[in-house]
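In what follows, a single structure is set out as structure tokens and then discussed.
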Amino acid sequence: NYNDKNTTTITKSRFYFNKAGNYGGCNYNNNYATITITETNHTQNQAKNGGVNANYGLLTIQSSNLNNNNAIRGGVNYNFKEIHINKSTFKNNKVTTHGGVNYNEVYRHLEIEDSTFKDNTAQQNGGVNYNNQGEIYSILSKYINNSAMRGGVNYNDGELTIQDSSLNSNVAKNGGVNYNYKNLTITDSNFTNNHATYGGVNYNNNGNLTITNSNFTNNHATYGGVN
């Protein structure tokens, strides 16, 4: 689908084995356009950027499953504008560079609520989310067994907030869960069994890290079991 300044609604559908040469293996959402995806499965789709979606407008994903998709950047979503994710599951998505699930561009907004991310992989940075000077807000979500070289879950070079979430068994060389360059806020969240060489949970590289009312249990690293 190429959505140009229109509104597209996708419900109870299946997208398998689709491919784009550059952006959006399934959907390319242009400026001022809106796509809403509900109760839909996306499996084994691929593109260079955004294995499923390349978004320049408003994209909403709700109550959907997005599994086994791949790209160079953004295994599922490549975001240039605004994405809302709610009650969805992302498993076994992969990239050869950054953002196993989401690649969030400069000054762009990504909001994640009540969703599950499991077994996603980036060969370089951000097993789930790569935040390139944008804004990511994650609440009431689960991150399990995701991996990358830096930031098993999140690579943050912008504004990242994690709230009321559980992050378990994620792995990276640097930052088993988070690799932070800018501003990272963690509130009311649980971190268990995460692993890294440096920073079992957080690797804070000249950034601002604020942790409030959170629990860290059985995390491991050669240097800095948690931070």
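Only this structure's heavy atoms are used, side chains among them; waters, hydrogens and symmetry mates stay out.
Within a 6.0 Å radius of OH in Tyr16, more than 12 heavy atoms belonging to other residues, nucleotides or ligands are found. Within a 6.0 Å radius of NZ in Lys94, other residues, nucleotides and ligands contribute more than 12 heavy atoms. Around atom NZ of Lys182, more than 12 heavy atoms belonging to other residues, nucleotides or ligands sit under 6.0 Å away.
Side-chain contact check for Asn29 versus Lys81: every heavy-atom pair is 4.5 Å or farther apart. A 4.5 Å side-chain heavy-atom check between Leu209 and Asn227 finds at least one atom pair inside the cut-off. Val177 is listed as a side-chain neighbour of Phe191, based on a closest heavy-atom distance under 4.5 Å.
With hydrogens and angles disregarded, no donor-acceptor distance shorter than 3.5 Å links the side chain of Asn170 to the backbone of Val153. The closest donor-acceptor contact from the side chain of Ser64 to the backbone of Glu39 lies under 3.5 Å. Without hydrogens or angle criteria, Asn53 side chain to Asn77 main chain gives no donor-acceptor distance under 3.5 Å. When atom types are taken as modelled, the side chain of Asn3 and the backbone of Thr34 share a donor-acceptor pair closer than 3.5 angstrom. Formation of a donor-acceptor pair under 3.5 Å by the Asn49 side chain with backbone atoms of Gly74 is not found in this model. Here the side chain of Asn93 pairs a donor or acceptor atom with the backbone of Asn69 at under 3.5 angstrom. Put simply, the side chain of Ser165 gets close to the backbone of Ser141: a donor and an acceptor are under 3.5 Å apart. In this structure, the side chain of Ser189 does not engage the main chain of Ser166 through any donor-acceptor pair within 3.5 Å. Although no hydrogens or angles enter the test, the distance criterion places no donor-acceptor pair under 3.5 Å between the side chain of Asn174 and the main chain of Thr197. Checking side-chain atoms of Thr36 against main-chain N and O of Thr60 turns up no donor-acceptor pair under 3.5 Å.
Ring pair Phe15/Phe17: centre-to-centre distance not below 6.0 Å. Between Tyr56 and Tyr32, the distance from one ring center to the other does not fall under 6.0 angstrom.
Residue Ile10 is grouped with residue Ile83 when hydrophobic side chains (ILVMFWY) are merged at heavy-atom distances under 4.5 angstrom, including chains of intermediate members. Taken together through direct or relayed side-chain contacts under 4.5 Å among Ile, Leu, Val, Met, Phe, Trp and Tyr, Val101 and Ile85 form part of one hydrophobic cluster. A single hydrophobic cluster is seen to contain both Ile136 and Leu66, as judged by linkage of ILVMFWY side chains at heavy-atom distances under 4.5 Å, directly or through other members. If you chain together hydrophobic residues whose side chains sit under 4.5 Å apart, Tyr130 and Tyr137 never meet in one group. Tyr28 and Val52 end up in different hydrophobic clusters when Ile, Leu, Val, Met, Phe, Trp and Tyr side chains are linked at under 4.5 Å.
When each of Thr212, Thr161, Asn208, Ile162 is tested with Thr185 by the rule side-chain contact (heavy atoms from CB on, under 4.5 Å), just one qualifies, namely Thr161. Checked against His109 for a side chain to side chain donor-acceptor pair (under 3.5 Å), the options Glu135, Glu159, Glu82 give a single hit: Glu135. Across Asn55, Asn18, Asn1, a single residue satisfies side chain to side chain donor-acceptor pair (under 3.5 Å) together with Asn27, and that is Asn1.
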Trace of the side chain to side chain donor-acceptor pair (under 3.5 Å) decision for Gln62 with Thr38: CA-CA 5 Å; Gln62 53 197 16; Thr38 307; 2.9 Å; yes
Ile112 vs Phe117, side-chain contact (heavy atoms from CB on, under 4.5 Å): CA-CA, chis, key distance, verdict: CA-CA 11 Å; Ile112 298 166; Phe117 300 83; 3.6 Å; yes
Residue pair Tyr103, Asn79: steps toward the side chain to side chain donor-acceptor pair (under 3.5 Å) verdict: CA-CA 6 Å; Tyr103 189 106; Asn79 184 37; over 6 Å; no
side-chain contact (heavy atoms from CB on, under 4.5 Å) assessment of Ile186 paired with Asn202: CA-CA 11 Å; Ile186 297 169; Asn202 300 307; 3.9 Å; yes
Derivation of the side-chain contact (heavy atoms from CB on, under 4.5 Å) call for Ile35 and Ile61: CA-CA 8 Å; Ile35 293 179; Ile61 300 170; over 6 Å; no
Full working for side-chain contact (heavy atoms from CB on, under 4.5 Å) between Asn86 and Asp114: CA-CA 6 Å; Asn86 186 39; Asp114 195 15; 4.1 Å; yes
Steps toward side chain to side chain donor-acceptor pair (under 3.5 Å) verdict (Asn30, Tyr2): CA-CA 8 Å; Asn30 212 351; Tyr2 184 94; 3.0 Å; yes
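We find the CD-CG distance between Glu111 and Asn104 to be 12.0 Å, quoted to the nearest 0.5 Å. Between the NZ atom in Lys19 and the CG atom in Asn45 there is a gap of 12.0 Å [rounded to 0.5 Å]. Annotation: the span from Arg108 atom CZ to Asn102 atom CG amounts to 15.5 Å, rounded to 0.5 Å. One finds the CG atom of Asn70 at 10.0 Å from the CG atom of Asn92 (value rounded to the nearest 0.5 Å). In this structure, CG in Leu160 is found 5.0 Å from CG in Asn154, a value given to the nearest 0.5 Å. Taking CG of Asn183 as the start and CG of Asp157 as the end, the distance is 10.0 Å to the nearest 0.5 Å.
When every heavy atom of Ala122 is checked against every heavy atom of Gly99, the shortest pair comes out as CB-N, 4.0 Å. Of all heavy-atom pairs between Gly50 and Ala71, the closest is N-CB, 4.0 Å. Among all heavy-atom pairs drawn from Ala196 and Gly176, the shortest one is CB-N, 3.5 Å. Between Ile37 and His42 the shortest heavy-atom distance is CG2-CE1, 3.7 Å. Of all the heavy atoms in Ser88 and Ser63, the pair that sits closest is OG-N, 3.2 Å.
Between Tyr223 and Tyr198, the two ring planes are parallel [angle under 30°; tilted spans 30° to 60°]. Relative ring orientation between Tyr155 and His98 is described as parallel, the plane-to-plane angle staying below 30° on a 0-90° scale split at 30° and 60°. Note: Phe80 and Tyr78 have tilted aromatic rings, judged against thresholds of 30 and 60 degrees for the angle between ring planes.
Asn193 and His195 share no donor-acceptor pair across their side chains, judged by distance under 3.5 Å alone. Checked by atom type, the side-chain pair Asn67/Thr43 shows no donor-acceptor distance below 3.5 Å. In this model, a donor atom of one side chain and an acceptor atom of the other lie less than 3.5 Å apart for Arg150 and Asn125. Between the side chains of Tyr143 and Ser138, at least one donor N or O lies within less than 3.5 Å of an accepting N or O. For Asn68 and Gln44, the side-chain atoms include no donor-acceptor pair closer than 3.5 Å. Residues Asn178 and Tyr203 have side chains that never bring a donor and an acceptor to within less than 3.5 angstrom of each other. Asn120 and Asn146 share a side-chain donor-acceptor pair at under 3.5 Å.
The pair Lys91-Asp119 does not meet the salt-bridge criterion, since no charged nitrogen lies less than 4.0 angstrom from a carboxylate oxygen.
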